Amino acid sequence: MRVSTSRYDEAETRPRGGRMPRRERRAQLLESALEVFVAQGYHAAAMDDIAERAGVSKPVLYQHFPGKLDLYLALLDSSCDAIIDNCRIALSATPDNKLRVQAAIEAFFDYVDEETGAFRLVFESDLTNEPAVRGHVERVTTECAEMIAEVIHDDTGLPGPASRLLAVSLVGMAQVSARFWLTEAGGISKSDASALVAGLAWRGIRGYPLDH
């Protein structure tokens, strides 16, 4: 399923409703904020837009999030956790390292293919000059690479720094190629695209034997 940044423009604003439990209200606000940030980017989005999209007053929005950056960081934290968790699940799903590489690549393709477009907050943020945002974004590469580096080290015998370098390269290749596939790949299916990238990654990694 492809992401359309016009979703927000086409969707109707949610009707204003009565009171709801705080956790439910927070989830509703985050969902609305995600739609607005994905469609408009951080700088163009306004708290007024988000409140209107959620069908609440601005004071209600500010009761949950003191400012736009707080709201953005809450979304970013959730989005980063999602891709890191997906990577962890992919690597733990099988002891076969070839299949692990394939599963890790697929996790990034599945993530960018989500209808919400949440990946845009992580990989295409227009606020990376903000240290807190940059830290969240870098956490995805760091934590995913740490997990992958352990697999590479165990499989190849390469020392830690070399394993981490290869792992960071794999993460970069996965997310860049997945984003390219989403917009520029010219009709290649997701399964074929992820298999192509996984094949390239595996052919490289398996070239480092344990006695390297």
Side-chain angles (χ1 to χ4, degrees), residues 1-3 27 30 34 38 73-125 128 132-185 188-212:
M1 186 178 295
R2 299 300 181 90
V3 171
L30 286 170
L34 177 60
V38 166
L73 289 174
L75 279 170
L76 191 57
D77 198 40
S78 176
S79 298
C80 291
D81 285 344
I83 185 58
I84 291 168
D85 289 343
N86 290 347
C87 188
R88 181 179 295 108
I89 291 168
L91 293 174
S92 63
T94 173
D96 185 310
N97 285 335
K98 180 179 180 180
L99 295 179
R100 279 175 165 172
V101 169
Q102 181 178 333
I105 298 293
E106 288 175 350
F108 281 88
F109 275 79
D110 288 341
Y111 181 66
V112 303
D113 196 35
E114 290 180 0
E115 185 180 5
T116 62
F119 79 93
R120 298 186 188 279
L121 273 65
V122 181
F123 298 131
E124 298 177 1
S125 175
T128 52
V133 172
R134 188 166 60 251
H136 278 67
V137 172
E138 290 174 351
R139 182 166 69 88
V140 172
T141 298
T142 300
E143 294 194 22
C144 288
E146 284 177 357
M147 292 184 282
I148 294 170
E150 290 182 11
V151 174
I152 292 174
H153 172 72
D154 292 343
D155 190 53
T156 66
L158 287 171
S163 295
R164 285 193 294 274
L165 177 60
L166 290 178
V168 168
S169 299
L170 191 147
V171 170
M173 179 170 63
Q175 64 100 344
V176 171
S177 59
R179 289 163 50 210
F180 178 84
W181 163 78
L182 191 67
T183 57
E184 305 288 344
I188 302 176
S189 70
K190 180 171 65 174
S191 59
D192 287 346
S194 61
L196 282 169
V197 177
L200 174 63
W202 177 246
R203 285 180 178 87
I205 292 172
R206 74 178 181 181
Y208 296 96
L210 283 168
D211 60 352
H212 181 83

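Start at 1 with the first residue, then count along the sequence. What you see is a predicted model; the values in this text were computed from it and never measured.
Side-chain N/O atoms of Asp81 and Ser78 include no donor and acceptor closer than 3.5 Å.
Residues Leu91 and Val151 share a closest heavy-atom pair of CD2-CG2, 4.4 Å. Listed here is the closest heavy atom pair of Ser177 and Met173: OG-O, 2.6 Å. What you find for Leu121 and Leu76 is that their closest heavy atoms are O-CD1, 3.3 Å. Asp192 approaches Ile188 most closely through the heavy-atom pair CB-CG2, 3.9 Å. Shortest non-hydrogen contact noted between Ala107 and Ala90 is CB-CB, 4.4 Å. When all heavy atoms are compared, the tightest approach of Ser125 to Val133 is OG-CG1, 3.7 Å.
Atom CZ of Arg88 and atom CD1 of Ile83 lie 11.5 Å apart (nearest 0.5 Å). Between the CZ atom of Arg120 and the CD atom of Glu114 there is a distance of 12.5 Å, given to the nearest 0.5 Å. Between the CG atom in Leu165 and the CG atom in Leu170 there is a gap of 11.5 Å [rounded to 0.5 Å]. Here the CD-OG distance, from Gln102 to Ser191, works out to 10.0 Å after rounding to the nearest 0.5 Å. Expressed to the nearest 0.5 Å, how far CE of Met147 lies from OG of Ser92 amounts to 9.0 Å. Rounding to the nearest 0.5 Å gives a distance of 10.5 Å between SG of Cys80 and CD of Glu138.
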For this session: Start with the C-alpha distance between Arg139 and Asp77, add both sets of side-chain angles, then the distance that settles salt bridge (charged side-chain N to carboxylate O under 4.0 Å, His left out), and finish with yes or no.
Result: CA-CA 10 Å; Arg139 182 166 69 88; Asp77 198 40; 3.1 Å; yes

For this session: Decide side chain to side chain contact (heavy atoms under 4.5 Å, CB included) for Val197 and Phe108; before the verdict, give the C-alpha distance in whole Å, the side-chain angles of both, and the deciding distance to 0.1 Å.
Result: CA-CA 11 Å; Val197 177; Phe108 281 88; over 6 Å; no

Exercise. After noting the C-alpha distance and the side-chain angles of Leu166 and Ile148, does the key distance pass the side chain to side chain contact (heavy atoms under 4.5 Å, CB included) rule?
Worked result: CA-CA 9 Å; Leu166 290 178; Ile148 294 170; over 6 Å; no

For this session: Go through Val38 and Thr116 one step at a time and tell me if the side chain to side chain contact (heavy atoms under 4.5 Å, CB included) criterion holds.
Result: CA-CA 8 Å; Val38 166; Thr116 62; over 6 Å; no

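In this structure a side-chain-to-backbone donor-acceptor pair under 3.5 Å is present from Arg134 to Thr128. Of the possible donor and acceptor atoms, none in the side chain of Arg100 sits under 3.5 Å from a partner among the backbone N and O of Asp96. Side chain of Thr94 to backbone of Leu99: no donor-acceptor contact under 3.5 angstrom is found. Under the 3.5 Å distance criterion, the side-chain polar atoms of His153 are left unmatched by any main-chain donor or acceptor of Gly160. Counting only distance, with no hydrogens or angles, the side chain of Trp181 and the backbone of Ser194 share no donor-acceptor pair below 3.5 Å.
The closest side-chain heavy-atom distance from Cys144 to Ile84 is below 4.5 Å. Within the 4.5 Å cutoff, no side-chain heavy atoms of Ile152 are placed close to those of Asn97.
Exactly one of Asp155, Asp154, Leu158, Val168 qualifies for a side-chain contact (heavy atoms from CB on, under 4.5 Å) with Ser163. That residue is Leu158.
Between Tyr111 and Phe119, the ring planes lie perpendicular to each other; the angle is over 60°, past the 30° to 60° tilted range.
Ion pairing between a basic and an acidic side chain is recognised when a charged N comes within 4.0 Å of a carboxylate O; Lys190 and Asp110 show such pairing. Salt-bridge formation is not detected for the pair Arg179/Glu184: no Lys NZ or Arg NE/NH1/NH2 atom is positioned less than 4.0 Å from an Asp or Glu carboxylate oxygen.
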